[in-house]
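What you see is a predicted model; the values in this text were computed from it and never measured. Both backbone and side-chain heavy atoms feed into the values below; hydrogens, waters and symmetry mates do not.
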Amino acid sequence: MNVATLDQLWVYLSGNPLLSLLVTLLVFVLAVRINRAVGGTPLLHPVTLSIAMLIALLLVVDMDYPTYFEGAQFIHFLLGPATVALAIPLYDHRERVRRLLWPLLLACGAGIVTAVASTLGVAMLLGARTETLLSLAPRSVTSPIAMGIAEQIGGIPSLAAGLVLLTGSVGCALGPWIFRLLRIKDPVVQGFTLGLAAHGFGTAHAFARLGAVAGAFSGLAMGLTGLLTAFLLPLITRLFGFG
């Protein structure tokens, strides 16, 4: 097969939307295997690894993001149903949620205020620009919500999405260590904390490592954090003099 034939084959494949979908799935499978090979460390989370490998691959083959997303958008579409599906294990523990509703709401509100205030405070001390500050503020909620909030308050949506992924990786890495340090063994507390601090990453970690109860409450925390942050964050940013 000569060079011209290979070029024609690549042009055909790059125009096929299914190529992006296939490459995304293969890269994720490879990332999962790499993560398992290094002991499952959250510092090399499969999602983070997949993103890095896909970016490198797109640069090597000179494929722009809109072309890639045309084929990979099916996976993006599944994000919504996957999030809604978190309600199923939560329904199994509805009585426990009902008994703990007010403490959970208070914990969620306190966590949001602490996360946003500490993030903005540290970033301001380090001299971050306004756009960066407003992109950092929603870092503890899941990516689609964070991007929407960042756009609403004047941040950079794409930067907010990247910071969300970084926050999730760090949260999964530090969470288990903090639980051991503070001797926290209750799966409800562990799961809710991971969902509040590390959104979808924390929820996946809770289901995989801590069990269904922790996963259910992590999903609850992720949903509540996204909902409350959308209302509270504009108010908090105004208190810091933005907007």
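At a threshold of 4.5 Å between side-chain heavy atoms, the hydrophobic network of Ile, Leu, Val, Met, Phe, Trp and Tyr places Met147 and Leu165 in two separate groups. Under the 4.5 Å side-chain contact rule for hydrophobic residues, Leu136 and Val170 do not share a cluster. Follow the hydrophobic side-chain contacts under 4.5 Å out from Leu57 and you reach Met53 in the same cluster. Both Val116 and Met124 belong to a common hydrophobic cluster when Ile, Leu, Val, Met, Phe, Trp and Tyr are linked at side-chain heavy-atom distances under 4.5 angstrom. In terms of hydrophobic clustering, with Ile, Leu, Val, Met, Phe, Trp and Tyr side chains grouped at heavy-atom distances under 4.5 Å, Ile34 and Val23 are assigned to a common cluster.
For Pro138 against Leu134, the heavy-atom pair with the smallest separation is CD-O, 3.4 Å. The two residues Ala146 and Ala160 come nearest to each other via the heavy atoms O-CB, 4.1 Å. Pairing each heavy atom of Cys172 with each of His205, the nearest pair is SG-CB, 3.8 Å. Nearest heavy atom pair, residue Gly226 against residue Val141, reads CA-CG1, 3.9 Å. Ala115 and Arg139 make their closest contact through O-NH2, 3.8 Å (heavy atoms, listed as atom of the first residue, atom of the second, distance). Counting all heavy atoms, side chain and backbone alike, Gly195 lies closest to Thr203 at CA-OG1, 4.3 Å.
In this structure a side-chain-to-backbone donor-acceptor pair under 3.5 Å is missing from Thr225 to Met222. A distance-only check finds a donor-acceptor pair linking the side chain of His199 to the backbone of Val164 [under 3.5 Å].
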Given the rule in the side chain to side chain contact (heavy atoms under 4.5 Å, CB included) test, do Phe217 and Leu194 qualify, once you have shown the distances and angles that lead to the verdict?
-> CA-CA 9 Å; Phe217 278 86; Leu194 284 172; over 6 Å; no
List the steps and the verdict of side chain to side chain contact (heavy atoms under 4.5 Å, CB included) for Cys108 and Leu196.
-> CA-CA 7 Å; Cys108 191; Leu196 173 59; 4.2 Å; yes
Please assess Phe201 against Thr167 for the test side chain to side chain contact (heavy atoms under 4.5 Å, CB included), listing each intermediate value before the final yes or no.
-> CA-CA 9 Å; Phe201 277 45; Thr167 299; over 6 Å; no
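For residues 97-119, every residue pair satisfying the salt bridge (Lys or Arg N to Asp or Glu O under 4.0 Å) rule, not counting sequence neighbours, is listed here: Glu95-Arg98.
Between Ser218 atom OG and Gln190 atom CD the span is 11.0 Å, to the nearest 0.5 Å. The CG atom of Leu233 lies 12.0 Å from the CD1 atom of Ile145; values are rounded to the nearest 0.5 Å. Distance check: Leu159 CG to Leu163 CG gives 4.5 Å after rounding to the nearest 0.5 Å. How far CD of Glu151 is from OG of Ser135: 11.0 Å, rounded to the nearest 0.5 Å. Put simply, CZ on Phe231 and CD1 on Ile236 are 13.5 Å apart, with the number rounded to the nearest 0.5 Å. Atom CG of residue Leu25 and atom CG of residue Leu30 lie 12.5 Å apart, to the nearest 0.5 angstrom.
Applying the 6.0 Å contact sphere to CZ of Arg96 captures more than 12 heavy atoms from other residues, nucleotides or ligands.
Contact of the Leu100 side chain with the Phe192 side chain is not registered, since no non-hydrogen atoms from C-beta on lie closer than 4.5 Å. Counting only heavy atoms from C-beta outward, the side chains of Pro176 and Arg209 never approach each other to under 4.5 Å. Using a 4.5 Å heavy-atom cutoff, the side chains of Ser50 and Val27 are in contact.
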